[in-house]
Structures are given as structure tokens and as C-alpha cells.
Amino acid sequence: MINKVSTVLECSRIFSLPMTIMSWIVVFTYAALGSGNIGYGLVALIGICLAHLGANVLDDYFDYKALIKQVDFDKKEYLRNTQKTKCRYIISGVVKEWEVLAVASVYLGIAGIIGLFFFFKCGIYVLYFGLIGGIITLAYSFLSKIRLSEIAIAIAYGPALFGGVYYVMTKTVPWEIFLLSIPTMLMTVILLYIHTVMDFDYDIKEGHYTVANSFDSQLDSLIVLKILLIAAYISPILLCIFDIADWQVFLTYLTIPLAIDLYKSMIDFSTDSSTIPEHKWFHFPMENMEMFRKMGAEAFMVRMYQSRNLMGYFAIALTVALLLENI
């Protein structure tokens, strides 16, 4: 039973869940400081996390169905690809197709019930935010093939998440909440973009057309990463200009060394994908690394963790800034 639960969580890419929690904690804190309903905010977190995990599982399922339709698809050859972990558990037979759909149905079913609860308790805007989230969840696998995955994630982790959580906690949707979403939204898009940079060649082989592989090489594609990082650190200035937050938001700049370290790490990966960055104290947490080391996926996962943790530390700094402003 424990092994089954562990497999389900691994298949759901549980390691990516902190980016949802860290995005939520920013808007939750902002709404709570404005006398928002804390209980509703916590229930919303459960719904959002379940929707996230359900989207991950569905993305793998649709990718798997697309893979096996390819005439030249070779199961053994694909499983030799130690970097790409998506669909591995389906292709290897560890989990059956119907089980994947069942897991996704449970995740999304409970998330839908929570959405209905908020619809009756809070009003029609819940339906609008829920529809946005639902469309992105079902269409993400397709969108990721036509260079729209970054846009989808930006909408999901920006206006949809921030607007939805703030609305169920306060029953209002001020325009300021969408500006507040920009810094962490950009950091979340960065995490996704790094994933697509590292999957540059594999995505081309599998028919995924991403922003990253529209460039001639992985190294060339890093110009977008540089732009996103710069934009993420400029965006807190907007919060001051529009009087959404005070100077404390510049606490996020404490994470700049991590961003520089991540960028350098991606340069190394783009020239030699087998390079493994030196493990530094600020790289952690990096769970299950022994397992990824045995799989030969250490170089890939270290950078995924670097980007995930950068996003998390950035969001924590922004949350602390909001709290300090109200002391």
C-alpha cells in the first residue's frame, strides 16, 4: 500500500507542488492581512494542489498516447533516455493506462467538488476562475506542443490562481491582485522554461514545438531565460509604484545570487548536458537525489530543483515583505 501511494505521488510529479504552494502563500497572506477568510484560503490551497497534480498526470497520459502513435516509437530505446522521466512509469508498465486516468479523475474530481463549494458560498466569479483552470488543465498537453505552454502557465499561476484565491477569501477581485501575481508568475514560468530548455532535443523528436527549441541551440535559447529573470526582479518595483506594497519587497533581491547561479548552471548544461553543478548549501532541499542518481537523471533534476527552490525562496521573501509592511 505504501509503495502504491509512493508510486502515485511520483507519477504526479509531487516535487513540483511547492511552486503552487509558494504562489498561493503570497496571495493568501495578502488577503489574510486584508481580513480575508483564512479557512476558505486553506481549502482553496487543497483544491489548487489537487488540480495541479491532476494536470501533471493528464499531461503524462496525453504525451504517452501521442508517443505510442509514432511509427518509429521504440519502448526500450525511450526508456534508455535517463533524462526524460515523463511517461516512464506508463511505458514501463509500472502503472496501467486506466490507473493513470483513475488517479487524474480522483484529483480533478475532488478539486471540482471544492470548486462547487466555493461557487455556492462565494458567487459566480468562482465559475470563471474555475473554467480558466479547467481549460488549461485539459488543453495543456496540446498547448505545450505549439509554443503556448509558457502562456498557459502564466495565466494559471498569475490571474487565475491569485484572482481565484483572493476572491474566495474576500469576495472581491481588485485589479491590484493581478499586479501582485506578476513576480511569482514570472518565476514559475522560468521553472517551466528551464524544463523545456533541457528537453530541447527530446521535444523536437517527439513533435513538441516550444519557445526554447525555436532557437538554433539550447545555448541560444537562454536569452529568453535571461529576459525572464531580469523581468522577475524588475517586477517588484511595480508593486511599489502602484502602492500595492512598500520597499520591503526588495527583500526578493536577496535571491539574486541564486538566480545568477542557476543561469550559469544552465549555460554549463547547454554545452554539456552531463555536467552536475557543485552542490551548495542554498541549493537545498533536493529530495530523492539518490534515486535520480541511479537513474542517471541527476544533472537534469539538480537544475529542476535549483529553479524550483529559487521560485520558493523568492515567494517566501515576498511573503515576508508583505508581513513586515503590516507590523
Side-chain angles (χ1 to χ4, degrees), residues 13-34 36 38 41-42 44-46 48-49 52-53 153-154 156-166 169 176-195 225 228-240 244-263 265 277 279-288 301-327:
R13 281 178 265 156
I14 191 87
F15 76 87
S16 66
L17 203 55
M19 75 181 191
T20 292
I21 297 171
M22 290 298 103
S23 293
W24 165 86
I25 201 169
V26 174
V27 64
F28 172 79
T29 301
Y30 189 74
L33 291 171
I38 292 175
L42 294 172
L45 172 63
I46 297 171
I48 294 166
C49 287
H52 176 176
L53 296 176
I153 290 298
Y157 283 88
L161 189 152
F162 274 66
V165 172
Y166 194 85
M169 290 181 69
E176 293 95 336
I177 205 65
F178 300 119
L179 277 180
L180 179 65
S181 74
I182 292 174
T184 52
M185 175 198 76
L186 287 169
M187 279 294 177
T188 305
V189 171
I190 285 168
L191 190 152
L192 169 69
Y193 188 73
I194 283 172
H195 193 292
L225 176 59
L228 287 170
L229 284 168
I230 292 171
Y233 285 103
I234 288 176
S235 59
I237 298 173
L238 293 174
L239 305 184
C240 294
I244 297 169
D246 214 334
W247 63 267
Q248 289 92 344
V249 294
F250 295 113
L251 283 173
T252 55
Y253 284 14
L254 293 173
T255 65
I256 288 177
L258 282 72
I260 294 172
D261 185 65
L262 174 61
Y263 186 77
S265 178
H279 285 212
K280 301 174 182 176
W281 67 269
F282 53 78
H283 284 163
F284 296 90
M286 288 191 174
E287 63 276 11
N288 299 319
M301 287 306 302
V302 164
R303 290 169 173 90
M304 286 304 298
Y305 283 142
Q306 279 184 275
S307 55
R308 181 200 67 179
N309 294 346
L310 170 62
M311 186 274 167
Y313 294 144
F314 184 96
I316 289 170
L318 184 54
T319 302
V320 170
L322 295 173
L323 291 170
L324 289 175
E325 184 183 346
N326 286 269
I327 291 178

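In this structure, the separation between CZ on Phe250 and CD1 on Ile237 is 5.0 Å, given to the nearest 0.5 Å. Between the CG atom in Leu323 and the CD atom in Gln248 there is a gap of 10.5 Å [rounded to 0.5 Å]. The structure places CD1 of Ile316 at 12.5 Å from CG of Leu251, a figure rounded to the nearest 0.5 Å. Taken to the nearest 0.5 Å, the CD1 atom of Ile25 stands 9.0 Å off from the CG atom of Leu45. Atom CG in Leu322 sits 10.0 Å away from atom CD1 in Ile244 (nearest 0.5 Å). To the nearest 0.5 Å, atom OG1 of residue Thr188 and atom CD1 of residue Ile153 are 8.0 Å apart.
Without hydrogens or angle criteria, Asn309 side chain to Phe282 main chain gives no donor-acceptor distance under 3.5 Å. Without hydrogens or angle criteria, Glu325 side chain to Asp246 main chain gives a donor-acceptor distance under 3.5 Å.
Sorted by first then second residue, the salt bridge (Lys or Arg N to Asp or Glu O under 4.0 Å) pairs that include residues 14-30, not counting sequence neighbours, number zero. Screening residues 176-187 for side chain to side chain donor-acceptor pair (under 3.5 Å), with sequence neighbours left out, gives no hits. Within the structure, salt bridge (Lys or Arg N to Asp or Glu O under 4.0 Å) contacts touching residues 308-319 (residues at least two apart or in different chains) are Glu287-Arg308.
Closest heavy-atom contact between Ile21 and Cys49: CG1-SG, 4.0 Å. Contact between Ser16 and His52 at its shortest, heavy atoms only, is OG-NE2, 3.1 Å. Closest approach of Leu239 to Leu179, counting heavy atoms only: CD2-O, 3.6 Å. For the pair Ala315 and Val26, the tightest heavy-atom approach, listed with the atom from each and the gap, is O-CG2, 3.7 Å. Here the closest non-hydrogen pair linking Arg303 and Pro277 is NH1-CD, 3.5 Å.
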For residues 254-263, dump all side-chain donor-acceptor pairs below 3.5 Å to protein atoms at least two apart in sequence or in another chain.
{"unit_1": "Thr255", "atom_1": "OG1", "unit_2": "Tyr233", "atom_2": "OH", "d": "2.7"}
{"unit_1": "Thr255", "atom_1": "OG1", "unit_2": "Thr252", "atom_2": "O", "d": "2.6"}
{"unit_1": "Asp261", "atom_1": "OD1", "unit_2": "Lys280", "atom_2": "NZ", "d": "3.1"}
{"unit_1": "Asp261", "atom_1": "OD2", "unit_2": "His283", "atom_2": "NE2", "d": "2.7"}
{"unit_1": "Asp261", "atom_1": "OD2", "unit_2": "Gln306", "atom_2": "NE2", "d": "3.1"}

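Contact check for Phe15 versus Asn288: no side-chain heavy atoms found under the 4.5 Å cut-off. For the pair Met311 and Ser23, the minimum side-chain heavy-atom distance is below 4.5 Å.
With sequence neighbours excluded, the residues forming a side-chain contact (heavy atoms from CB on, under 4.5 Å) with Ala232 are Leu186, Met187, Ile190, listed by chain and number. For the ring-ring contact (aromatic ring centres under 6.0 Å, His included) test, residues two or more places apart in sequence or in another chain that qualify with Phe28 are Trp24.
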| task | Given side-chain contact (heavy atoms from CB on, under 4.5 Å), test Leu229 with Leu310 step by step and report yes or no. | result | CA-CA 11 Å; Leu229 284 168; Leu310 170 62; 4.2 Å; yes
| said: Set out, in order, the CA-CA distance, both residues' side-chain angles and the distance that settles side-chain contact (heavy atoms from CB on, under 4.5 Å) for Tyr157 and Met19, then state yes or no. | reply: CA-CA 9 Å; Tyr157 283 88; Met19 75 181 191; 3.4 Å; yes
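Each of Ser235, Pro236, Pro183 was scored for a side chain to side chain contact (heavy atoms under 4.5 Å, CB included) with Val249, with one residue passing: Pro236.
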